[in-house]
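What follows is a short report on a single structure.
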2 protein chains.
Amino acid sequence: MSSAEKNTRTRILDAAWTLLETNLGEPVRMSDIAREAGISRQALYLHFPTRAELLVETTLHIDEVKNMESRLTPSRSARSGEERLTAFVDAWGNYIPEIHGVGRALMAMQETDAEARSAWQGRMEAVRHGCAAVVRDLSRDGGLKPELDEGRATDLLWTLLSVRNWEHLVRDCGWSQTAYLETMQALARAALVKTAATD
Amino acid sequence: MSSAEKNTRTRILDAAWTLLETNLGEPVRMSDIAREAGISRQALYLHFPTRAELLVETTLHIDEVKNMESRLTPSRSARSGEERLTAFVDAWGNYIPEIHGVGRALMAMQETDAEARSAWQGRMEAVRHGCAAVVRDLSRDGGLKPELDEGRATDLLWTLLSVRNWEHLVRDCGWSQTAYLETMQALARAALVKTAATD
DNA sequence: TGCTCAATTTGACACCGTGTCAAGTTGACA
DNA sequence: TGTCAACTTGACACGGTGTCAAATTGAGCA
């Protein structure tokens with residue numbers, strides 16, 4: 001609990017995150033993390049009971065995840081509900097590639113999955129709340145499609161954001177992140193907004 | 001090359017698939033596959049050089065994957081382009097849960113990923129062609145949104161089908177497969193069809 | 001200066017899963 | 001009866017995780 005303890009711990013987490021982000025494809029070993037953190041492999045177990053827990057902690061520790069809610073809060077400049085929707089989808093589209101390593105970390109633990117998932121469920125709830133807030137604004141503005149209630153609209157948006165194949169599209173289909181963002185925007189507007197604006 | 005060889009080989013693939021489908025969460029070991037197939041662990045290596053290749057072969061071997069194209073061909077009863085779109089999305093939504101084990105198999109090989117992916121890329125191209133065909137029909141019928149060209153529309157549909165969080169929605173958000181299907185349908189219609197029909 | 005205590009290191013080891021190897025067994029077929 | 005390929009058996013190397021016990025380091029304190 002001393003500051004030294006805390007420093008070593010965070011040094012480990014930072015090291016793990018660096019490797020998850022960088023060494024794309026290669027599995028991240030405990031010995032790798034130890035070397036990156038500048039300590040011995042066994043010392044890792046003084047701070048984390050198992051590799052899986054270390055990786056979960058890593059994903060929860062990085063700034064991008066800790067600041068998830070603020071990252072996904074659209075700028076104050078968005079006045080109308082539709083603008084707010086656009087800003088929200090944009091924020092999400094820019095956010096996803098930044099936390100690429102998180103997916104790898106979660107993937108690295110098939111059977112500890114349940115544990116990792118429950119740790120992540122709360123975070124994801126925050127995103128869903130964001131969807132609900134955006135839909136509420138859109139509804140207040142009268143911009144929401146008349147045939148949708150807010151719950152259904154929230155579901156649609158939430159589902160849309162769960163398109164996880166960004167990587168696939170970019171890698172295998174030659175998409176750019178811009179194309180991805182535009183597609184998200186087009187889908188979101190088409191699904192939710194009464195009079196969808198054309199490009 | 002004898003029929004005996006073929007039988008053993010397919011027995012192995014069937015065994016692997018059974019385990020991938022059944023033992024949810026648990027990793028599938030070579031010894032498990034051998035036991036399930038009723039042969040010795042070492043004999044697996046007489047048919048497949050490595051575990052990763054065995055798993056890739058397994059995913060490509062199952063009927064649901066071999067018949068992917070026909071499975072995703074909407075019934076002849078669909079007359080209009082819009083009906084055909086609906087049928088296509090429905091077919092996809094019903095198909096995905098059936099090949100659940102495939103995701104696990106592909107996941108089970110992080111670094112062989114590149115190999116597995118290229119083996120799967122061709123299959124996925126078939127789905128994309130399906131999207132293009134549906135969009136073409138819709139366009140011919142005059143049901144496609146005027147602001148979309150066929151390429152863009154195909155991209156939208158293709159992206160939509162890539163929503164991979166079906167499991168997540170069902171498990172963590174209490175969705176039913178029906179809710180998933182409805183959402184897909186709503187998104188597809190909203191994104192592509194000129195005058196989206198309401199429920 | 002020397003004591004203490006916690007964090008850390010070092011080296012060794014058990015366990016498990018993959019992949020390999022060599023020698024033996026089985027059974028179909030000529 | 002002999003041959004050949006498929007398969008079995010038992011042994012083993014390798015690499016990764018997790019554990020343990022015995023040093024070592026170093027900061028705070030008498």
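These numbers come from a predicted model, not from an experiment. Scope of the values below: all heavy atoms of this structure, side chains included, with no hydrogens, waters or symmetry mates.
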Salt bridge flag under 4.0 Å for residues [X] and [Y]:
X	Y	result
B:Arg136	B:Asp141	no
B:Glu147	B:Arg152	no
A:Asp32	A:Arg35	yes

Side-chain N or O of [X] closer than 4.0 Å to phosphate OP1/OP2 of [N]:
X	N	answer
A:His47	C:dA7	no
A:Thr50	D:dG18	yes
A:Thr8	C:dA7	no

[X] [atom1] to [N] [atom2]: how many Å, rounded?
X	N	atom1	atom2	answer
B:Leu46	D:dT9	CG	P	13 Å
B:Leu55	C:dT18	CG	P	10 Å
A:Met30	D:dG15	CE	P	19 Å
A:Tyr45	C:dT10	OH	P	17 Å
B:Arg29	C:dG19	CZ	P	14 Å
B:Phe48	C:dT18	CZ	P	15 Å
A:Ile12	C:dT9	CD1	C1'	14 Å
A:Arg35	C:dT9	CZ	C1'	17 Å

Treating B:Thr58 as the side-chain partner and B:Leu54 as the backbone partner, does any N or O pair qualify as donor plus acceptor under 3.5 Å? yes
By nearest atom, which of the nucleotides [options] is closest to the [X] side chain?
X	options	value
A:Gln42	C:dT10, C:dG19, D:dT9	C:dT10
B:Arg51	D:dG18, C:dT18, D:dT8	C:dT18
B:Arg41	D:dA11, D:dG18, D:dT8	D:dA11

Do B:Glu36 and B:Arg11 pass the salt bridge (Lys or Arg N to Asp or Glu O under 4.0 Å) test, and can you show the C-alpha distance, the side-chain angles, and the key distance before you say yes or no? CA-CA 9 Å; B:Glu36 181 73 24; B:Arg11 234 170 56 224; over 6 Å; no
